[in-house]
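So that the names make sense, note that chain A is the first sequence line, chain B the second, and so on, each numbered from 1. Keep in mind that the numbers below use all heavy atoms, side chains included, and drop hydrogens, waters and symmetry copies.
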Amino acid sequence: MRRGYLFYHLAAFLARNLFRLVGSIEVHGLHHVPKTGPFLLLANHESILDPILIQAVCPRPVHTMAKSTQFASPFMSWIMRQVKSFPVRRYQVDPQSVRMVLRRLEQGEPVGIYPEGERSWDGRLQEPRRGTIRLALRAGVPVVPCTITGSYEVWPRWDRAIRRGTVRIDFGEPFLLPPAHDRSEREALLPAAAERIMGTLASQLEAATARSGGRGINTSSTPVSTFEST
Amino acid sequence: MAVPLAVHDGEDVVAIRDLLWACPACRSVESLVRSGRAEQCASCGARLRRGRGANIVLEVPGQTPVARHAREWADLIGDPQDGEEDVSARVSLRDVARSWPLRERGELLGFVERFGSDIPGLLILTRDAIRFQPDTGPNRIWPILDVTAVQPASSKLQLKVRGSEVVTLRFVSGSVRLWEARIQQRLREAWRAAGWGEIVEFQPRVSAR
């Protein structure tokens with residue numbers, strides 16, 4: 001185990017097992033996650049559970065951007081740093097968070113970002129933040145599309161209670177965005193890149209929902225206790 | 001079975017009214033008030049509570065309860081609309097009390113802020129300004145064209161105004177989603193009127209094509 005990652009793996013283990021108290025996690029497409037080298041993990045965001053569960057099941061430790069207020073208390077700040085999160089101030093352009101993403105990628109690490117920038121109120125995929133798309137173009141590393149379904153049924157943004165349910169996480173096939181050498185090229189490629197990323201997430205979500213038998217995911221009150229990887 | 005993670009009659013709580021800015025039964029705007037673990041329309045008496053998964057159950061007195069997915073209720077009431085008139089809501093405002101660089105083993109990870117104590121007051125949105133009238137202390141007036149970001153955060157709204165630190169607003173009984181839409185709409189109109197173009201993004205910075 002790599003130095004500095006003991007707590008991360010412990011937290012991932014705990015998250016996977018504690019979630020069994022309220023449901024189950026189905027994971028698909030783990031073979032799409034690159035075994036070495038940097039990549040950007042771009043995921044939809046429908047619940048506060050998403051980053052915890054995605055990091056818990058991803059076979060490689062993922063560094064993630066998280067809103068700066070989550071680091072406000074010393075205890076939470078320590079936890080967040082142990083699970084390899086770094087802060088972003090979402091209400092202003094935050095060049096340090098961009099530097100952090102690029103630095104981690106240069107170090108060969110995966111970085112996870114939620115291109116929608118915030119949780120969805122109604123569970124639907126939202127418009128991406130243009131800054132994230134610019135960053136993906138600038139990074140020039142493989143993009144791994146990741147979708148999570150069912151977490152909205154378990155813990156939606158408008159409630160503070162967890163309900164039983166199955167969460168499904170799909171890692172899609174990595175793809176590369178066209179190379180952009182400078183800012184003007186990035187701006188020109190922005191709409192197509194946004195379409196590519198969000199279109200991939202949308203179709204992956206649609207497929208996952210269809211496989212789960214319709215809207216959302218099974219929210220049966222019967223506890224399920226599988227942790228299935230395919 | 002539900003695992004309650006917060007006391008629902010607490011102050012800082014997300015609510016169905018944040019999603020449903022109007023009562024699905026009578027369409028009254030911002031009429032939902034907390035009633036135990038449910039919310040009740042002050043206008044028609046209908047109750048809304050969470051059902052299975054992300055379902056919301058509507059209970060209208062004298063009628064059979066109707067359970068629908070949150071998304072369907074949201075579609076039914078449509079997107080929040082803003083009128084021309086001035087609107088107001090009770091809020092708790094918090095200023096940034098402290099911000100600092102966050103480091104890990106000497107490496108700068110980013111910048112973090114902590115918000116101070118609640119300042120209760122009235123938030124008033126007019127065509128060209130956002131005004132905060134605290135219960136005690138001087139008023140604050142932010143010209144709408146000085147707003148540089150509108151960012152929802154959990155059940156709060158963060159506002160960044162040119163030349164000031166960010167403030168966070170918690171709506172005591174209003175819908176954060178409705179207020180986000182209202183402020184965005186006023187910004188759109190103000191930007192158009194000023195010839196600054198069509199706004200395409202409100203975070204991290206209000207920007208136009």
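- The neighbour count for Arg98(B) CZ, taken as heavy atoms of other residues, nucleotides or ligands under 6.0 Å away, is above 12.
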Checklist line | Derivation and outcome, side-chain contact (heavy atoms from CB on, under 4.5 Å), residues Ser77(A) and Leu102(B) | finding: CA-CA 9 Å; Ser77(A) 177; Leu102(B) 182 72; 3.4 Å; yes

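- Side-chain atoms of Pro204(B) and Asp94(A), non-hydrogen and from C-beta on, never get closer than 4.5 Å to each other.
- Between Ala161(A) and Arg50(B) the shortest heavy-atom distance is O-NH1, 2.5 Å.
- Counting heavy atoms from C-beta on, the side chains of Leu109(B) and Pro87(A) come closer than 4.5 Å.
- Listed options Gln96(A), Lys67(A), Arg90(A) were ranked by heavy-atom pairs under 4.5 angstrom with chain B; first place goes to Arg90(A).
- Using a 4.5 Å cut-off on side-chain heavy atoms (C-beta onward), Arg71(B) and Trp121(A) make no contact.
- Residue Tyr5(A) qualifies as enclosed at atom OH: its count of foreign heavy atoms under 6.0 Å is above 12.
- Crowding of Arg183(A) atom CZ: a count of heavy atoms from other residues, nucleotides or ligands under 6.0 Å not exceeding 12.
- Residue Val200(B) touches chain A through its side chain alone, counting heavy-atom pairs closer than 4.5 Å.
- Contact detail for Arg163(A) and Gly53(B): the closest heavy-atom pair is CG-O, 4.3 Å.
- Between the side chain of Arg205(B) and the main chain of Val93(A), no donor-acceptor pair closer than 3.5 Å is present.
- Residue Ser120(A) does not touch chain B at all, counting heavy-atom pairs closer than 4.5 Å.
- Salt bridge present: Arg124(A) and Asp75(B) bring a charged side-chain N and a carboxylate O closer than 4.0 Å.
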Notebook entry, point to check: After noting the C-alpha distance and the side-chain angles of Arg52(B) and Arg164(A), does the key distance pass the side-chain contact (heavy atoms from CB on, under 4.5 Å) rule?
Noted result: CA-CA 9 Å; Arg52(B) 206 173 81 165; Arg164(A) 286 190 184 281; over 6 Å; no

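- At most 12 non-hydrogen atoms from other residues, nucleotides or ligands lie less than 6.0 angstrom from CD of Glu127(A).
- Of the atoms belonging to Arg103(B), it is backbone heavy atoms, and not side-chain ones, that fall under 4.5 Å from chain A.
- The shortest side-chain heavy-atom distance between Met100(A) and Glu107(B) falls under the 4.5 Å cut-off.
- If you measure heavy-atom distances from Glu46(A) to chain B, you find no contacts under 4.5 Å at all.
- Comparing Thr148(B), Ile56(B), Leu20(B), Leu159(B) by how many heavy-atom pairs each has under 4.5 Å with chain A, the most go to Ile56(B).
- Rounded to the nearest 0.5 Å, atoms CZ (Arg89(A)) and OG (Ser99(B)) are 7.5 Å apart.
- Contact count against chain B (heavy-atom pairs under 4.5 Å) is highest for Ser68(A) among Gly4(A), Ser85(A), Ser68(A), Ser73(A).
- Heavy-atom pairs under 4.5 Å with chain B peak, among Gln70(A), Arg99(A), Arg104(A), at Arg104(A).
- The two residues Arg157(A) and Pro152(B) have their closest heavy-atom pair at NH2-CB, 3.6 Å.
- To the nearest 0.5 Å, atom CH2 of residue Trp158(A) and atom CG of residue Asp18(B) are 11.5 Å apart.
- Atom CD of Glu206(A) has 12 or fewer heavy atoms from other residues, nucleotides or ligands within 6.0 Å.
- Scanning all heavy atoms of the two residues, the minimum distance from Trp100(B) to Phe71(A) falls at CZ2-O, 4.1 Å.
- The two residues Glu201(B) and Pro128(A) come nearest to each other via the heavy atoms OE2-O, 4.0 Å.
- For Gln158(B), the part lying near chain A is the side chain, with the backbone staying farther off; criterion is any non-hydrogen pair under 4.5 Å.
- For chain A, the nearby part of Val176(B) is the side chain; its heavy atoms alone come within less than 4.5 Å.
- Residue contact with chain B, scored on non-hydrogen atoms closer than 4.5 Å, involves the side chain of Glu118(A) exclusively.
- No part of Trp73(B) comes within reach of chain A, as not one of its non-hydrogen atoms sits under 4.5 angstrom from that chain.
- Interface residue Phe115(B): only side-chain heavy atoms are found under 4.5 Å from chain A.
- Judged purely by distance below 3.5 Å, without hydrogens or angles, the side chains of Lys156(B) and Thr69(A) never pair a donor atom with an acceptor atom.
- Donor-acceptor pairing under 3.5 Å is lacking for the side chains of Glu165(B) and Tyr91(A).
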Next item on the list: Could you walk me through whether Arg129(A) and Gln203(B) pass side-chain hydrogen bond (donor to acceptor under 3.5 Å, both in side chains), step by step?
Entry: CA-CA 8 Å; Arg129(A) 297 284 165 90; Gln203(B) 320 91 358; 3.2 Å; yes

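- No other option in Ser207(B), Ala74(B), Pro101(B), Ala153(B) has as many heavy-atom pairs under 4.5 Å with chain A as Ala153(B).
- Residue-environment remark: CZ (Arg27(B)) exceeds the threshold of 12 foreign heavy atoms within 6.0 Å.
- For CD of Glu187(A), the number of neighbouring non-hydrogen atoms (other residues, nucleotides, ligands) closer than 6.0 Å is greater than 12.
- Listed options Arg114(B), Glu113(B), Arg177(B) were ranked by heavy-atom pairs under 4.5 angstrom with chain A; first place goes to Glu113(B).
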